[in-house]
2 protein chains.
Amino acid sequence: MTPPPLKLDDHLCFSIYAAAHAFNRLYKPVLDDLGLTYPQYLTMVALWQEDGQRVSSIGEKLYLESSTLTPLLKRLEAAGLVTRERDRADERQVLIRLTDTGRALQDRAGAVPACVLNTSGMSIAELQALNREVQALRRALDRSAA
Amino acid sequence: MTPPPLKLDDHLCFSIYAAAHAFNRLYKPVLDDLGLTYPQYLTMVALWQEDGQRVSSIGEKLYLESSTLTPLLKRLEAAGLVTRERDRADERQVLIRLTDTGRALQDRAGAVPACVLNTSGMSIAELQALNREVQALRRALDRSAA
DNA sequence: CATTTTTATATCGCGCACAATTAAATCGTA
DNA sequence: TACGATTTAATTGTGCGCGATATAAAAATG
């Protein structure tokens, strides 16, 4: 009486994994226009929301480790979008701040979420509802991991 | 009258992206036990469902390119789970077949989807319903990309 | 005040993930 | 048969993403 083996399409994890790739492909031309990768875009969104954050603060919001963020932030710095500066009060911390160029990029960044609305054929309400469901799933998966 | 800038949590793409990472973290200990990474697990699921596929056939099912699959399949071959053999009828094609070890691994692989049920606190019906919604989202995003 | 522990970021190694390119085999059509 | 177009997989280069570890600063401890 072993349970029947799950097929690919029965895996919720796979539909999530595949949807993440689909978003990446959809965003690719728009993000190329901004000169950003997708994780870089998320980092900029976090900084537009609150400037002058520490590396670990960004990591907590994006659920990413410093081993991922440090090189990513160096690339954003090389692109002239952010500055990386040690906090004088606590030299362990590195403060990430937007440059004028980085701040200005926000004006063009609305094209990213906009293209989801255009191409998915789903309404804002539908997208918001699904967003809440997936957020609840993530929280449920994270709870056990803690 | 520019639209207000979207915050991180307003992004459906981000909840999907973060949920994919959460699955990875949840699966990590179980997959370590099987000696597989997550994309390797998906590849094995595809082969358990249908043995003897070409590289491109696996790629179509997982939405992955040969540049991703070729090294991944070589690692599965090195682990003794699959064989890679050129089709004699058409030497361009490489047929991927399960070894006895690879087939046998399926018996222990049920632990992977099982741990979602255990830790998410969601019912099978809820997980299936969300799966269908996310699948529909992926299809909607893919349609425009074609 | 010296030692230990904790905290914050950086480094390294491995495995994806994809775009662009290459190389080889097959097919289509003259 | 010839030969350009197509198909199939492999290769290369860039950028994540994380675990393990290193380094340095700050805080806690005695």
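For B:R92 against D:dT7, a side-chain-to-base donor-acceptor contact under 3.5 Å is present.
The phosphate of D:dA9 has neither OP1 nor OP2 within less than 4.0 Å of any side-chain N or O from B:T70. The side chain of B:Y17 places an N or O atom within less than 4.0 Å of a non-bridging phosphate oxygen (OP1 or OP2) of D:dG17. OP1 or OP2 of C:dT11 sits under 4.0 Å from a side-chain N or O of A:K74. Between A:Q93 and D:dA26 there is no side-chain polar atom (N or O) within less than 4.0 angstrom of OP1 or OP2. Contact between the side-chain N/O atoms of A:T68 and the OP1/OP2 oxygens of D:dG17 is not found at any separation under 4.0 Å.
Within the 4.0 angstrom heavy-atom criterion, only backbone atoms of the sugar-phosphate kind lie near B:A89; the bases stay farther away. Using a 4.0 Å heavy-atom cutoff across all strands shown, A:S66 reaches at least one base atom of the nucleic acid. Nucleic acid contact class of A:L72 (heavy atoms, under 4.0 Å, all strands): sugar-phosphate only. Within 4.0 Å (heavy atoms only), A:S56 reaches sugar-phosphate atoms of the nucleic acid but no base atom.
Straight-line distance from the OH atom of A:Y38 to the P atom of C:dC18: 15 Å, rounded to whole Å. When the C1' atom of C:dC18 is taken as reference, atom CG of A:D32 falls 11 Å away, rounded to whole Å. For A:E65 and C:dT11, the CD to P distance is 16 Å, given to the nearest whole Å. For B:I96 and D:dT8, the CD1 to P distance is 15 Å, given to the nearest whole Å. Here D:dG15 presents its C1' atom at 13 Å from CG of A:L69, a figure rounded to the nearest Å. Rounded to whole Å, atom C1' of D:dT8 lies 14 Å from atom CG of B:L73. The distance between atom NZ of B:K28 and atom P of C:dC14, rounded to the nearest whole Å, is 14 Å. Between the CD atom of A:E91 and the C1' atom of D:dT23 there is a distance of 14 Å, rounded to whole Å.
Closest-nucleotide positions on DNA chain D for A:S67 and A:D87 were compared, and the one nearer the 5' end corresponds to A:S67.
Taking the side chain of A:D90 as heavy atoms from C-beta on, and the options D:dA25, C:dG15, D:dT8, the nearest nucleotide is D:dA25. The A:L64 side chain lies nearest to D:dG17 when the options are C:dC18, D:dG17, D:dA9. If you check C:dC16, D:dT8, C:dC18 against the side chain of B:P39, the one that comes closest is C:dC16.
Distance CD1/A:I96 to CG/A:L73: 4.5 Å, rounded to 0.5 Å. Taken to the nearest 0.5 Å, the CD atom of A:Q49 stands 11.5 Å off from the CD1 atom of A:I58. For the atom pair A:S15 OG and B:R139 CZ, the distance stands at 10.0 Å (nearest 0.5 Å).
Counted within 6.0 Å of CD on B:Q106, heavy atoms from surrounding residues, nucleotides or ligands total more than 12; the atom is thus considered enclosed.
The residues B:D87 and B:R54 are annotated as not salt-bridged, no charged nitrogen and carboxylate oxygen being separated by less than 4.0 angstrom.
Only one option out of A:F23, A:Y41, A:Y38, A:Y63 pairs with B:Y17 in a ring pair (Phe, Tyr, Trp, His ring centres under 6.0 Å); it is A:Y38.
For DNA chain D, the neighbouring residues in residues 75-86 of chain A, judged by any heavy atom under 4.0 Å, are A:R75.
Although no hydrogens or angles enter the test, the distance criterion places no donor-acceptor pair under 3.5 Å between the side chain of A:R86 and the main chain of A:V94. With hydrogens and angles ignored, the 3.5 Å screen pairs a side-chain donor or acceptor of A:T99 with a backbone N or O of A:G80.
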